[in-house]
Amino acid sequence: MVTLNSLRTKYGVIVSVVIILALLAFIISLGPEMGFGNNDPKVGVINGDKINYSEYLNEYETIKTYSGMTESTEEESNSLATATWQSLIGKHLLTPGFSKAGIEVTDAERMSMISGEHLSSVFYNMFADPQTGEYNVETITAYLQQISASPESQAMWSFINSQAALDRTLAKYLGLVKAGVFVNKLEVEEGVTASNESRKGRLVALPYTTVADSEVSVSDAEIQNYYNAHKENYTKLPSRSISYVVFDVEPTDNDMLEIEKKAQTMGEEFAAAEDVRAFVRKNMGTIAATYVNAAQLAEDEAGLLDGEQYGPVLKANEWVMSRAIDTKMAPDSVDLSHIVLDPTQTALADSLYTALKGGADFAAAAQQHSAYAATAQDGGKLGVMPFSALNPELAEPLASAKRGDVVKVTLAGSIQILKVNRADAAKKHVLVGTINIPVEASSATRRDVHNVASIFSVDGKGSLDKFNEAATAAAVTPRVATISQGDRSILGLTNSREIIHWAHAAKIEEISEIFTLGNSYVVAMLTGIDNSEYTPLQQVSSSIAQTLTRDKKYEVLKAKLAGSSIDQIASSNGVEVVAFDNVKMNDYSVASLVMEPRVAGAIAHTAQTGAVSAPVKGYSNAVVFVVDEITKSEAQTAEAEKVRLQASSENVASQMSVAALQSIAEIEDLRGQYF
C-alpha cells in the first residue's frame with residue numbers, strides 16, 4: 001500500500017521532472033529590494049501579485065515537508081529555495097495565465113490521467129511500482145481510502161493533483177505553440193544547400209594585430225554614440241558591490257605536531273583493538289561498502305590482505321589508518337541470474353527456492369515470477385559482476401558459491417533468488433575499515449586568527465581607504481565581488497549566503513561583522529549600490545573601444561586587400577595564400593582561421609568561382625578569398641530537410657515560448673534579505 005512517506009520519497013521526482021520542466025526558463029534572479037506592509041514583508045512580485053514573507057514561508061515548508069528535501073548543505077538549501085520559487089511562479093503566473101487563455105484540465109480529463117487512459121507523468125512517477133515500472137490505478141484507490149482521516153495526506157493529494165494539472169496545461173500550451181510553427185520553402189531550400197554544397201578555394205587573411213593601436217584612434221564621443229545605439233546590449237540586474245578580505249585559518253607547526261602525536265597514539269590503539277569494527281565506529285571512521293581484492297588496493301595497502309595495519313600515514317592533509325574488518329576467499333567475478341519478489345511473497349520465495357535447488361528451470365521461473373521486468377524477459381540474467389561490486393548482504397552468501405548454486409537473500413524492499421552461472425577461482429578479499437584524522441588548526445590558532453580579524457574590523461571602519469589601509473597592515477589583499485539580484489553565493493567563497501544577506505541591508509562603506517566560512521574568517525565592506533537598468537558606460541567603455549578599434553583597423557586593412565588576383569594580394573602584403581576545403585554554410589572556422597563564422601558564411605554564399613571576393617570583416621582578420629570549386633551532392637533531400645527543420649523549429653519555439661511568458665510578466669525576486 002502506498003504511504004505518505006513513500007510519496008514524500010517519490011515527490012523529489014515531481015520537483016526535478018515536472019516543476020523544473022515547466023519552469024525551466026523561470027529560474028529568475030531579480031533581487032533584493034524589500035517592501036513592507038501590514039507587518040508581512042514583501043519578498044517578491046510575480047505577475048503583479050505581491051508575494052509576502054508568510055506565503056513564501058508556507059510554500060517553502062510545504063515543499064520541504066512533501067519532498068523530504070533538507071537544508072543540511074548550501075546546495076540543498078538552494079535547491080529547496082529554487083523549487084519554492086518555481087512553485088509560486090506556477091501558481092501566480094502559469095496557472096492563471098493558462099486559464100485566461102482557455103487552457104484548462106477538465107474533471108473528466110483529470111480522471112483519465114489518474115486512470116492511465118491518458119497517463120500523467122506526475123501520477124506515474126508517484127504511484128508506479130518502482131521495481132516493475134507498472135502503473136496500476138488500484139494503487140491510487142488504495143491510497144485514497146487511507147487518507148480520509150489524515151489532513152496531511154489530503155494536502156499531499158491536492159498538491160499532486162495541482163502539479164499534474166500544471167504539467168498537462170503546460171503540455172497543451174506548448175502543443176498550441178508547436179501547431180503554429182511551420183517551415184517555408186525558402187528555409188528548406190537554404191537548408192538543403194547548406195547540407196549539400198561545399199566550397200574549395202584560397203584566401204588571404206590580414207590579422208587586425210598587424211595594425212598598430214597608435215595608427216587608429218577612438219574618441220569619447222564615438223564610444224558614447226556606440227553605447228547609445230547598442231544600449232539594449234548592456235541591460236543588467238540591480239547589484240551591490242563589496243570589497244572583502246579573507247583570513248585563512250591554517251594549522252601551525254605546533255598544531256601539526258600535536259595532530260601527529262594524536263594519530264600515532266590512535267594508531268597504536270587501533271593495532272591493539274580486538275574488535276576492529278567497533279573501534280572504527282567509535283572513532284567516527286568509515287567501513288567500506290564492498291570487499292576488495294589485491295588488484296583494488298594501492299601498493300602500500302597490500303598488507304591489509306594479510307591482516308597488517310595500514311598507517312597511520314599522512315595523505316591529502318589528513319592522517320589515515322586502515323585495518324581489515326573481515327576477510328573472505330571469494331571469486332573475483334560471478335555470472336548471475338536472479339528472480340526478484342515482493343517482500344510479502346515469502347511462501348512463493350520458499351517454494352521457488354526449493355524447486356530451483358532441485359533443478360527446476362531458472363529462466364522459466366524468472367520469466368513467470370520475477371517482478372523486475374528489465375531482466376525477467378531474459379530469464380533473469382544479470383550478467384557478470386565483480387565480487388567487489390556486491391554489497392555485504394550479497395557478498396556473504398555468494399563468497400563460497402559455485403557454479404550452479406542457488407541462494408536466497410532478503411534485501412531491503414525485495415526477496416531475491418540468485419543462481420550462479422559461473423564463478424572465478426577464489427581469491428582473498430577484505431572489507432576495510434578506515435579512520436581519518438584531519439590536519440586542522442587548533443582552537444588556540446583559530447582564536448589567534450580571529451583576534452587579527454577583530455583588529456582589522458575595528459581599524460577598517462569608516463571608509464574604503466581605511467579598509468584598504470587596514471588590509472595592508474594585516475598583510476591581506478582585498479578582493480571585490482558584485483552581487484546581482486537573486487545571487488545566493490559569491491564565487492570563490494563557500495557558504496557565502498550570510499554575506500549576501502548582510503550586503504542587502506548594509507549602507508555604503510559599512511563594514512560587516514566577522515563571518516566564519518569554513519576554515520576562514522571574512523570581513524566585508526559595501527562599496528556600491530547600483531540599481532540602474534543599464535551597465536554604466538565607464539564599465540563597458542573599454543570593450544566598446546576595442547570593438548571600434550577593430551572596425552577602424554578593418555578599414556585600414558581593407559585598402560590593402562585590393563588586387564586583381566589572390567596571389568598578387570598575398571605578395572603585396574608579404575603573406576601566404578591559405579587553401580581551404582569543404583567549407584559549408586554552418587561552419588565557424590575556415591582552414592587555420594578559428595572562429596570566423598562571417599568568413600565561412602561569405603564563402604558558403606559565393607556562387608561564382610575564380611573571382612576575388614570583396615573584403616570580409618571577420619572577428620580577428622580581414623579576409624579576401626577565391627572559390628575555386630563548388631561541390632554539390634544529394635545527401636540531404638528536401639523532404640528530409642523539411643522534417644529536420646520542422647522538428648528543430650518546434651523545439652526552439654517550445655523553449656522560447658516559456659521564456660516569452662517570463663519576459664512579459666512582472667517578476668521580482670526580493671528574497672535576498674531573508675532567505
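M585 has its side chain within reach of E190: a pair of non-hydrogen atoms, C-beta onward, lies under 4.5 Å apart. Residues Y56 and W85 have side chains in contact (heavy-atom distance under 4.5 Å, counting atoms from C-beta outward). Residues V522 and V245 are not in side-chain contact: their nearest non-hydrogen atoms beyond the backbone lie 4.5 Å or more apart. A 4.5 Å side-chain heavy-atom check between V480 and I242 finds every atom pair outside the cut-off. In this structure, K642 and F182 have side chains that are not in contact, with every pair of non-hydrogen atoms separated by 4.5 Å or more. Residues L557 and V211 have side chains in contact (heavy-atom distance under 4.5 Å, counting atoms from C-beta outward). You'll find the side chain of S541 stays beyond 4.5 Å of the side chain of Y226, heavy atoms only. Considering only heavy atoms from C-beta on, R550 comes within 4.5 Å of Y619 through its side chain.
A distance of 6.0 Å or more separates the ring centres of H230 and Y234. The aromatic ring centroids of F456 and F467 lie less than 6.0 Å from each other. Annotation: Y227 is not in aromatic contact with Y534 [ring centroid separation under 6.0 Å not met]. Note: Y173 and F98 meet the aromatic proximity criterion, with ring centroids under 6.0 Å apart.
Of the possible donor and acceptor atoms, none in the side chain of Y554 sits under 3.5 Å from a partner among the backbone N and O of Y208. S648 places no side-chain N or O within 3.5 Å of a backbone atom of R644 that could act as its donor or acceptor partner. Using modelled atom types, no side-chain atom of R479 and backbone atom of Y244 make a donor-acceptor pair closer than 3.5 Å. Proximity of a side-chain donor or acceptor of E650 to a complementary backbone N or O of A647 within less than 3.5 Å is not detected. Judged by distance alone, the side chain of S657 and the main-chain N or O of A653 form a donor-acceptor pair under 3.5 Å. Checking side-chain atoms of S162 against main-chain N and O of F159 turns up a donor-acceptor pair under 3.5 Å. In this structure a side-chain-to-backbone donor-acceptor pair under 3.5 Å is missing from Q646 to V643. Between the side chain of E440 and the backbone N or O of N519 there is no donor-acceptor pair closer than 3.5 Å. Formation of a donor-acceptor pair under 3.5 Å by the T169 side chain with backbone atoms of L166 is found in this model. Using modelled atom types, no side-chain atom of Q546 and backbone atom of S543 make a donor-acceptor pair closer than 3.5 Å.
Rounding to the nearest 0.5 Å gives a distance of 7.5 Å between CD1 of I499 and CD1 of I483. Atoms CG and OG1, from L57 and T62 in turn, are 9.5 Å apart once rounded to the nearest 0.5 Å. Expressed to the nearest 0.5 Å, how far CD1 of I603 lies from OG of S613 amounts to 8.0 Å. A distance of 12.5 Å separates CZ of R199 from CG of D581, quoted to the nearest 0.5 Å.
The minimum heavy-atom distance linking L661 with L93 is given by the pair O-CD2, 4.3 Å. Nearest heavy atoms, S520 versus D248: OG-OD1, 2.8 Å. Shortest non-hydrogen contact noted between S489 and I500 is N-CD1, 3.1 Å. Taking all atoms of both residues into account, the shortest heavy-atom contact from I566 to V577 is O-CG2, 4.0 Å. Closest heavy-atom contact between A600 and D587: CB-O, 3.4 Å. The nearest pair of heavy atoms linking S77 to R497 is OG-NH1, 2.7 Å.
No hydrogens or angles considered: nothing links the side chains of N47 and H92 as a donor-acceptor pair under 3.5 Å. For N621 and E596, the side-chain atoms include at least one donor-acceptor pair closer than 3.5 Å. Under the 3.5 Å distance criterion, with hydrogens and angles disregarded, no donor-acceptor pair is assigned to the side chains of S239 and D530. No side-chain donor from either of D167 and Q163 sits under 3.5 Å from a side-chain acceptor of the other. Neither side chain, T527 nor R240, offers a donor N or O lying under 3.5 Å from an acceptor on the other. Inspection of the S463 and E509 side chains reveals no N or O donor paired with an N or O acceptor under 3.5 Å.
The local environment of CG in D220 is sparse, with at most 12 non-hydrogen atoms from other residues, nucleotides or ligands closer than 6.0 Å. Counting heavy atoms of neighbouring residues, nucleotides and ligands inside a 6.0 Å radius, atom NZ of K236 exceeds 12 of them. Around atom CD of E513, more than 12 heavy atoms belonging to other residues, nucleotides or ligands sit under 6.0 Å away. Within a 6.0 Å sphere centred on NZ of K552, heavy atoms belonging to other residues, nucleotides or ligands number more than 12.
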Test side chain to side chain contact (heavy atoms under 4.5 Å, CB included) applied to V578 and V204, step by step: CA-CA 6 Å; V578 177; V204 170; over 6 Å; no
CA sep, side-chain torsions, deciding dist, call: L526, K507, side chain to side chain contact (heavy atoms under 4.5 Å, CB included) = CA-CA 7 Å; L526 187 69; K507 298 177 181 178; 5.6 Å; no
Side chain to side chain contact (heavy atoms under 4.5 Å, CB included), that's the test. Do V452 and Y521 meet it? Break it down for me. CA-CA 10 Å; V452 174; Y521 296 117; over 6 Å; no
With salt bridge (charged side-chain N to carboxylate O under 4.0 Å, His left out) as the criterion, how do K466 and D459 come out once you've worked through the C-alpha distance, each side chain's angles and the decisive distance to 0.1 Å?
CA-CA 7 Å; K466 289 185 177 180; D459 294 344; over 6 Å; no
**Asked** Going through the checks in order, is the side chain to side chain contact (heavy atoms under 4.5 Å, CB included) test met by I508 and I529?
**Response** CA-CA 7 Å; I508 297 292; I529 299 175; 3.7 Å; yes
| request: Give the intermediate values and the outcome of side chain to side chain donor-acceptor pair (under 3.5 Å) for residues E533 and T235. | output: CA-CA 6 Å; E533 184 178 358; T235 56; over 6 Å; no
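Looking at K553 and E555, no side-chain N of the basic residue comes within less than 4.0 Å of a carboxylate O on the acidic one, giving no salt bridge.
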